[in-house]
Peer 1: 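Pasting in a structure now, in structure tokens, and then I'll have a few things to ask.
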Amino acid sequence: MGSWFAALLWGTVAGSALVVGSGIAWRWQIHPKVVSSIMAFGSGVLISALAFELVDEAVRGGGLQPTVAGFMAGAVAYVGANLLLARAGARHRKRSGSQQPREADQSGSGSALAIGALLDGIPESVVLGLGLVTASAVSPAMLAAVFISNVPEGLSSTAGMKVSGRSAKYVFGVWGGIAVICGLASMVGFMALQDAPAELIAFITAIAAGAILAMLADTMIPEAFEESHMFTGLIAALGFLAAFSIHELG
């Protein structure tokens, strides 16, 4: 199997978890507390992954300066893009309740939701491809972290889309398209950077890490806290330990 195809395959597999979560939410009425708890677990998983699989590896491979610069660049870029999308109606794209606007209430909100979901998924996919550059293999811990966290993302967002009156064609078109784009992003990340210097790879990896952390704080953790409340921290800690254990075993 060519490395470019491996990047495409694993990026698509990770992105397909969004479709899995979406299908669960569309088929069954999931209690809000369950959705929030799963989102809290996914948040803990991603925090562990960005700390041990991304930031730590970036520092080891390319040094502190490009890692710090990339991390801040990723966080600023994500927050800036998220502010624009929030104004267009995508502020609550990961909420499972009635916060998401209907198209009739805010024109263009459907497109904003789709673009916002894509914005959330691209950084995770790119680093899967980068793993093939730095280690000649996709990190099992990072792949597991992205997959585990994508299921509650798709589940929560779809629950909210369903409440706001989005059609099945729209919902599954969004998540199916994003799964495919995630695979392409992973492949592009590998092909574009396979001969890049270590400092540049560290910078790009840190950009993804900064964007993921900003995404967690802006979208996933608020949904996790909304219903779980005082148990959010404990559930997130369990997610962190699960991803850390996979990292150590891997």
Side-chain angles (χ1 to χ4, degrees), residues 14-51 75 78-79 82-83 85-86 89-102 105 109-110 112-114 116-121 123-124 144-166 168 170-172 174-175 178-179 211-246:
S16 68
L18 293 165
V19 183
V20 172
S22 179
I24 292 171
W26 194 265
R27 175 64 179 82
W28 293 285
Q29 185 73 33
I30 309 298
H31 194 280
K33 285 187 179 295
V34 175
V35 176
S36 293
S37 297
I38 297 173
M39 190 66 81
F41 187 87
S43 298
V45 165
L46 276 182
I47 291 171
S48 176
L50 72 88
Y78 180 90
V79 170
N82 199 43
L83 285 172
L85 289 168
R91 180 178 182 181
H92 300 297
R93 59 184 175 275
K94 283 188 171 59
R95 297 299 185 93
S96 58
S98 58
Q99 297 94 335
Q100 292 185 23
R102 299 173 182 270
D105 297 329
S109 59
L113 287 169
L118 185 61
L119 174 69
D120 298 337
E124 301 166 352
V146 173
F147 191 93
I148 291 170
S149 64
N150 276 348
V151 171
E153 285 188 52
L155 193 154
S156 181
S157 295
T158 297
M161 291 176 179
K162 192 175 179 181
V163 170
S164 66
R166 308 285 176 187
Y170 169 83
V171 171
F172 290 104
V174 166
W175 297 122
I178 290 173
I212 291 171
L213 183 59
M215 181 269 290
L216 285 167
D218 284 353
T219 62
M220 287 185 70
I221 292 175
E223 168 64 18
F225 183 77
E226 185 166 6
E227 293 290 341
S228 297
H229 295 298
M230 299 306 296
F231 292 102
T232 301
L234 177 60
I235 298 170
L238 292 174
F240 183 97
L241 286 175
F244 178 70
S245 298
I246 295 172

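We use all heavy atoms of the structure for the numbers below, so side chains are in, but hydrogens, waters and symmetry mates are not. All residue numbers refer to positions in the sequence shown, counting from 1.
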Peer 1: In chain order, what residues pass the side-chain contact (heavy atoms from CB on, under 4.5 Å) check against A236, with sequence neighbours excluded?
Peer 2: none
Peer 1: Among L18, I38, N150, find the one that has a side-chain contact (heavy atoms from CB on, under 4.5 Å) with L155.
Peer 2: I38
Peer 1: Using the test ring-ring contact (aromatic ring centres under 6.0 Å, His included), find all partners of F147 that sit at least two apart in sequence or belong to another chain.
Peer 2: none
Peer 1: Rounded to the nearest 0.5 Å, what's the gap from OG on S16 to CD1 on I178? Could you check?
Peer 2: 13.0 Å
Peer 1: Identify, with sequence neighbours excluded, every residue that meets side-chain contact (heavy atoms from CB on, under 4.5 Å) alongside L46.
Peer 2: E124, S149, E153, I212, M215, L216, M220
Peer 1: Between F240 and V45, is there a side-chain heavy-atom distance shorter than 4.5 Å?
Peer 2: no
Peer 1: Answer yes or no: is there a side-chain heavy-atom contact under 4.5 Å between S36 and T232?
Peer 2: no
Peer 1: How far apart are the closest heavy atoms of W26 and V171, and which atoms are they?
Peer 2: CZ3-CG2, 3.8 Å
Peer 1: Of all residues at least two apart in sequence or in a different chain, which pass the side-chain contact (heavy atoms from CB on, under 4.5 Å) check with A217?
Peer 2: none
Peer 1: Checking V79 now: which residues fulfil side-chain contact (heavy atoms from CB on, under 4.5 Å) with it, not counting sequence neighbours?
Peer 2: L83, A214, D218
Peer 1: Can you tell me how far OG of S37 sits from CZ of F231, rounded to the nearest 0.5 angstrom?
Peer 2: 9.0 Å
Peer 1: As a quick check of understanding, evaluate side-chain contact (heavy atoms from CB on, under 4.5 Å) for I148 and F41, giving each step before the final call.
Peer 2: CA-CA 9 Å; I148 291 170; F41 187 87; 3.8 Å; yes
